[in-house]
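Notes follow the structure.
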Amino acid sequence: MFSFVFLAVWYYAIASVNASSLSTSTISRLAQEGAAEERNRSLLLDEESGETLSFIVISDPHLFTPFSFNDENTNKYMETWNNSIEVLSHIKEQYGGELVMMPGDSVSYGGQSNDDVREKLNAPIEMSMNEVVYTAGYNCYTTVRQLYSSVGYDTVLAAVGDHELGGNRGFRTSDRRTKISTIPSYRQAVADGYNKDADLNFLYTEKIGAAESRPLGTVFEETSYAYRYKNSLFITIDAFKTAIDNQTEYFDRVNGLGGEGTITCDVDGPHLDWFENVLVEARKDETIRHIFVQAHVPILQPVRKVNTSAQFIDGADKSEFWKVMNQYGVDVYFAGDVHSSTASVARDPNSSVVQIISRGNPFNNFLHVSANDTVIDVRLFNEVGPKPKYNTNYTEYGRLIIDKINHPQINVESMGGLELVDPDSEMIRFDFEEIVPLGTRQVFALKDKENIMVNSVIIDGVECRKSMLNTGSLGAQYDAQVANIRIGTPPRNRQGGGLAARFRKKSRFAIYGMGPYSAGEIVSFSMWFRPVANAARNSEMVLFHYGNFGLGSGSGVKERLTLTIAKGVPVLYFKPDVQFEAIGVNVLDRQWHQIAVSMPSKSCLASEFEVFIDGTRVETVSRTGNDIHVFFLPVGRISIGGLGYNSNISPIYPFMEPYRGWIDDFRLVSKPLQ
């Protein structure tokens, strides 16, 4: 369990206990059996503690696209409707909730071209493409509201996600599936389908004090809005803005901003002014006890990620959006997009907002939030069962309680899948002491067509049936899937080294979770290694790799990171034409060495990355003469000792070979190494 106490404006951290390495069953047991004291302290059943409410948060369901084509006779339409009714009825009956927050991506338009939408809609040739995408979206969102209403959720607060707008490829001018000209119609469909009645009257018109309920006069005036319900204020934000114009792709390497075509995620100008005015008015009203804000993408990094486009709010906790939320005491910022769950707070001890990222594709997780006047109780429920989806069976997987009974002192307690991630902790940690069967604990999205968890996966042509558990704070999502790795006591072991892992040519060690690298955010790592001298003397072996399925060169391509040992010399690859090698060092001496790669500052140059061997910094020199401000691909995967899930890039680096030798004590953090 992880505890924070916040004072005055607003927070001061006092203690932490790491439970991120617990198995799914252990987390469930703690949440259901071992949290009785915390349940009693939550005071949610105390009738004297004020007005109570509860609501459900379901992010990124991604499954409602068949409703776009308005054909109830199709198998896909009815299958989606019937499955959704069954699951939502179960959630309503078992967990209640008076309304639903949905932080974006209720559909999956990003994977379809506008021509695909036209064809499936069977639209007449005279219908313009803007009319086509609007009609499809409006069909979908009005049907989704009917779906939720039919099980008792009459209020659905929906945020715009990248898929509602046709992204992410649709945000790029150069992509053959560009949808830039139709983004306004995609957005209007969200506004009319989710936020208006049948006569197209806007639903959320009640002012918050003197502040308008929505940012009138902006492109967000029908997709960003504030809604008062009982003792709480709910604010939904459409964070997707055209950065410059419809023809200019926004990619600021120096500051780590943008990178997704013409659209970026930020709240500024009149949009931010409106948001701040709402918060100002809310703080004048003593009957508003809690403020909940939702948008589609995370603000704080790092977050757990899997199978995602992984957009983010520009500027993170330095953004004006975050600063305003903190200034006026927003309680929780809900988001999705990354298809995993993370609860976190900023490094700034004066920052008060708790960010909660959740997943729900399709209905595999949801949040249940209860609140009275002094306590907010958030519970994360995870789907369990024999089927890959639609099991209608959930177990409590995490919990976070915000206790304001002694305001201005605020206590936050968290556990399991909602344990607050300490940004200064070791995110990924492998001690190489034990290998366990794959499936010992769940890695979200690592499943097949028959099972919600798997016991086998193929990595670079090798079947992996084993796992090494991540004991860092990002937990099970970053467990490694492994094969042909032997744990033992190495010869010439380093002092205090204990057990280590022996890697061979057919060894595999890869992490299915994406990131935690993202744009210009700081990530550093270290590890111990002792290569087999005969194998390393005439080869270039991969010690660490972060990347995805493709690779390229040029200023418009985001960076990957590969650390190799080339005939005894450490080399860093950011892309084929940006490489740096250590000078004055050779590690082929049959001894153990610790290597560390430290990123000294956000969005630094590749040449500024620091390499340490056995605690001493070594100089690096460019192999190509090129340098660049590093903007990491946010959707890559990590592997140790090889290319892992990204082996299809091997034709680009045909000289790279799997590592052969010993490895121990891998650590990855989101800060520079000292």
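- Salt-bridge annotation for E281 and K207: absent, with no side-chain N of the basic residue lying under 4.0 Å from a carboxylate O of the acidic one.
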Apply side-chain contact (heavy atoms from CB on, under 4.5 Å) to residues D314 and Y250 and explain how you reach the verdict.
CA-CA 11 Å; D314 284 344; Y250 180 57; 3.7 Å; yes
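- Between D424 and R347 a salt bridge is recorded (basic side-chain N to carboxylate O distance below 4.0 Å).
- Rounded to the nearest 0.5 angstrom, Y333 OH and F292 CZ are separated by 15.0 Å.
- For the side chain to side chain contact (heavy atoms under 4.5 Å, CB included) criterion with Y153, the lone passing option out of L99, I58, I91 is I91.
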Which is it for K241 and D268 under the salt bridge (Lys or Arg N to Asp or Glu O under 4.0 Å) test, yes or no, and what are the steps along the way?
CA-CA 9 Å; K241 55 166 281 188; D268 61 3; 2.7 Å; yes
In sequence, state the C-alpha distance, the side-chain angles, and the governing distance for H407 and T374, and then conclude on side-chain contact (heavy atoms from CB on, under 4.5 Å).
CA-CA 8 Å; H407 185 79; T374 56; over 6 Å; no
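- E419 and S414 share no side-chain donor-acceptor pair at under 3.5 Å.
- With no hydrogens or angles considered, a side-chain donor-acceptor pair links N231 and D373 at under 3.5 Å.
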Using the rule given for side-chain contact (heavy atoms from CB on, under 4.5 Å), can you reason through V669 versus V523, listing the C-alpha separation, both sets of side-chain angles and the distance that settles it, and then say yes or no?
CA-CA 6 Å; V669 297; V523 178; over 6 Å; no
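- Note that the CG atom of L469 and the CZ atom of F430 stand 8.5 Å from one another [nearest 0.5 Å].
- The minimum heavy-atom distance linking R145 with L203 is given by the pair NH2-CD1, 3.6 Å.
- A cation-pi arrangement is present between R214 and F202, with the terminal nitrogen or guanidinium carbon under 6.0 Å from the aromatic centre and inside a 45° cone about the axis.
- Ring centers of F220 and F240: at least 6.0 Å apart, outside the cut-off.
- E396 and R379 are joined by a salt bridge, as a carboxylate oxygen and a charged side-chain nitrogen come within less than 4.0 angstrom of each other.
- Side-chain contact annotation: H271 with S224, donor-acceptor N/O pair under 3.5 Å present.
- Between the side chains of N391 and E383, at least one donor N or O sits under 3.5 Å from an acceptor N or O.
- Defined by atom type and a distance below 3.5 Å, a donor-acceptor pair is present between the side-chain atoms of E98 and Y229.
- Considering only heavy atoms from C-beta on, V306 stays 4.5 Å or farther from Y478 through its side chain.
- Classification of the F234-Y227 ring pair by plane angle, with boundaries at 30° and 60°, yields tilted.
- Residues R304 and V421 are in side-chain contact: their nearest non-hydrogen atoms beyond the backbone lie under 4.5 Å apart.
- Considering only heavy atoms from C-beta on, D162 comes within 4.5 Å of S309 through its side chain.
- With respect to Q442, the side chain to side chain contact (heavy atoms under 4.5 Å, CB included) criterion is satisfied by exactly one of V384, D479, N382: N382.
- No hydrogens or angles considered: nothing links the side chains of N361 and D60 as a donor-acceptor pair under 3.5 Å.
- A cation-pi geometry, defined here as NZ or CZ lying under 6.0 Å from the six-membered ring centre and within 45° of its normal, holds between R637 and Y512.
- Counting only heavy atoms from C-beta outward, the side chains of V144 and V156 never approach each other to under 4.5 Å.
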Any chance you could lay out the side-chain contact (heavy atoms from CB on, under 4.5 Å) test for H368 and S54, step after step, and finish with the verdict?
CA-CA 7 Å; H368 178 274; S54 68; 3.9 Å; yes
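- Distance CD/Q301 to OG1/T342: 9.0 Å, rounded to 0.5 Å.
- In summary, E206 and R228 do not engage in a salt bridge, as defined by a charged side-chain N under 4.0 Å from a carboxylate O.
- Shown are Y95, Y394, Y397; of these, the ring-ring contact (aromatic ring centres under 6.0 Å, His included) with F381 is made only by Y95.
- Note: I401 CD1 to D377 CG = 4.5 Å, rounded to the nearest 0.5 Å.
- Using a 4.0 Å cut-off between charged side-chain N and carboxylate O, R667 and E426 make a salt bridge.
- The side-chain heavy atoms of S106 and E164, taken from C-beta on, include a pair separated by under 4.5 Å.
- For E320, the salt bridge (Lys or Arg N to Asp or Glu O under 4.0 Å) criterion is met by K323, not counting sequence neighbours.
- Looking at heavy atoms from C-beta onward, I237 lies out of side-chain contact with Q294 at the 4.5 angstrom threshold.
- Side-chain contact annotation: N411 with E413, donor-acceptor N/O pair under 3.5 Å present.
- Rounding to the nearest 0.5 Å places OG of S524 at 8.0 Å from CE of M599.
- With 3.5 Å as the limit, one finds a donor-acceptor pair spanning the side chains of W322 and S351.
- Salt bridge annotation for K305-D337: absent, with no cationic side-chain nitrogen under 4.0 angstrom from a carboxylate oxygen.
- For the residue pair D285 and T287, a side-chain donor N or O sits within less than 3.5 Å of a side-chain acceptor on the partner.
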With side-chain hydrogen bond (donor to acceptor under 3.5 Å, both in side chains) as the criterion, how do N168 and Q311 come out once you've worked through the C-alpha distance, each side chain's angles and the decisive distance to 0.1 Å?
CA-CA 9 Å; N168 289 71; Q311 274 195 270; 2.7 Å; yes
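- Interatomic distance, OG1 of T223 versus CG of L165, reported as 8.5 Å (0.5 Å rounding).
- Geometrically, R359 engages F444 in a cation-pi contact defined by less than 6.0 Å to the ring centre and at most 45° from the axis.
- Using modelled atom types, one finds a donor on one side chain and an acceptor on the other under 3.5 Å when comparing D154 with S149.
- Considering every non-hydrogen atom in both D422 and S473, the closest pair reads O-OG, 4.4 Å.
- For the pair S518 and F312, the minimum side-chain heavy-atom distance is below 4.5 Å.
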